[in-house]
Amino acid sequence: MFLGAAPGPIHEPLTGRRLQPQDVQAEVQRRVAGYLARGVARGERVLLGFGNRVEFFADLLALWQLGVCVVPLDARLTHFEVETLARAAKARAFVGFEAVDGELAARLDGLGVAVLDSVEVARKPPALSATPPGFALDDEALILFTSGTTGNPKGVVHTHRSLRAKWTALGQALGLEKFRRTLCLLPTHFGHGLICNALFPWLSGQELFVLPPFTPEAVMRLGALIDEHRITFLSSVPAIWRLALKTARPPAGGTLERVFVGSAPLSAHLWQEIRGWSGTRDVCNAYGITETGSWVAGTTVGEFEPEDGLIGVPWGAIVAVTKGGSVDHPPGTGELCAPGESGFVWLNTPSLMKGYLDREDLTGQCVRGGWFLTGDLGFLDARGWLVLRGRVRDEINKGGTKVYPADVEAVAERFEGVQDLCCFAVDDPHYGQNVGLALVMPDGSPERLRRLHAWLRLHLAEHQMPVRWYRLDQIPRTSRGKVNRDHIAEACGRVAPVDLRGVFGDHP
Amino acid sequence: MSRDTNRERLLRFLDAIRRPETPLAAIREDENLIRAGLIDSLAVLEIIVFLETEFEIEFPATGLDPGHLTTVTAILDLIDAHAR
């Protein structure tokens, strides 16, 4: 189960809760018995509808001991999105923390998904009558949904084997010394926060300190929290650092030894500012992709000067860059770029996902011969270091949280009166990017727009909501009928956005 | 500048960054802006930038009490304290 003899202690700094390894084991065993008593069995899939609490980690380990595949969900998802994912995962159960919303429970019940409460499961469980079934290395361990929450979900399936490959590679490349008191303020429903920031050190026996994700109050106290808990390591995203640098006093205790930044491009300027604030030069740009179990390369290269796009060296992976971006020509058959020449970035790693859940078509579009086509553009420099220059992937990176235009479009296009549309990235000074929406909608009356807004609010999570709307006469398309989102962003830049506040006026 | 003038400037700014469906008038001045749904959590950063540029408040190296940015009243108190 564990990479070391046992997981480390786990703390919630904001609540003061603290579990020693033996307490963790006891919490896990209570849950093993509780889930067994409720008929949860090996090979089933269970949704965890909460995160960033000690109970989440106890549930995760208990369910793994039972051979169950765990599907951590973003707690911000709408009921509609949870229902969509529950259906896609063919989930046996949904586990909430304390009260689960009645309407959500009814919807899940209608799908035959049992609704369980983490606290209740662990309360007075019966004595274990049998040894938990455990898991095989190639059993599914985690499904992380990265997109399609409103239509065709894209779930990254990791097995216990791919996760172990990840943690073993990280341990060998990075060591454990600097991770001995790790702070996690990233959400535990995505790879960066869960697999790497939290589980890698914790399952190796290091101490884990868990905060609620993306909470300004916690970020503003970051320096004080680092000092109070003698934190040696943390990982985060650029948007969080921008807030911390403005509002949090730097740590004064000198305990911080390493900082990772990932999930969004890190500028050289911000990089230097983080070095200054944190008091350590070991600030590393960590490149990670959910499909490869997150962290797969970074600037663990000794002394260096930060550069825009600099990633560094791989951790348990081979990196190659090809001239063509076709999945039919991976490295080996595809022509490799010369040092310094930009092309398409591929990764070959034993921590690669098993595939996308029930979507062999999608898996085939990016995996060939053991190589994974990342969707990133970049080059290997003369030192062999990876440098990224952009993405061909269709996504909006909102402060490290990915928003997929197709998810927004799948909801908006179902609203009566929307004849055509396109979701695209708009620049945002704080998040880096935000969500824009171009609409062809002849009836643009305030009442109609208010209804569309309510429709989107009902189906989209907060971070997916378009913040800038544009009405166009038509959506520009290529001669082959495809949309070029960059061109549409340019077209929208020439017209005034819809005055949404004016549309609402005094209508809440 | 008087507190009333500061309030007017602050409310004008909040009106520009608020969620469109949540009118300013729906929020009490002592109500938590995020919990009341007026702004999202990272919009706090926009408030900080506003205070820096409009009121020349330099957030100190000693850090910021999160409670100072959660309500209209608290933000006005912060502006007043800086002016003194």
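Numbered from 1 within each chain, the chains take letters A, B, ... in sequence-line order. Heavy-atom basis, side chains included; hydrogens, waters and symmetry copies ignored.
In this structure, B:Arg9 places its CZ atom where more than 12 heavy-atom neighbours from other residues, nucleotides or ligands lie under 6.0 Å away. Within a 6.0 Å sphere centred on CZ of A:Arg414, other residues, nucleotides and ligands contribute more than 12 heavy atoms. Other residues, nucleotides and ligands place more than 12 heavy atoms under 6.0 Å from the CZ atom of B:Arg18. Heavy atoms of other residues, nucleotides or ligands lying less than 6.0 angstrom from CG of A:Asp427 number 12 at most.
Taking CE of A:Met465 as the start and CD of B:Glu21 as the end, the distance is 6.0 Å to the nearest 0.5 Å.
The closest side-chain heavy-atom distance from A:Met220 to B:Val44 is below 4.5 Å. Looking at heavy atoms from C-beta onward, A:Arg457 lies in side-chain contact with B:Arg19 at the 4.5 angstrom threshold.
In plain terms, the two heavy atoms of A:His453 and B:Pro20 that are nearest each other are NE2-CG, 3.7 Å.
With a 4.5 angstrom heavy-atom cutoff, B:Leu69 touches chain A only via side-chain atoms. Within the 4.5 angstrom heavy-atom criterion, atoms from both the backbone and the side chain of A:Arg242 approach chain B.
When the side chain to side chain contact (heavy atoms under 4.5 Å, CB included) test is applied to A:Glu217, the partners found at least two apart in sequence or on another chain are A:Thr215, B:Pro66, B:Thr70.
When each of B:Ala26, B:Ala43, B:Ala16 is scored by its heavy-atom pairs under 4.5 Å with chain A, the top score falls to B:Ala16.
Contacts of residues 45-57 of chain B with chain A at a heavy-atom distance below 4.5 Å involve B:Leu45, B:Glu46, B:Ile48, B:Val49, B:Glu52, listed in sequence order.
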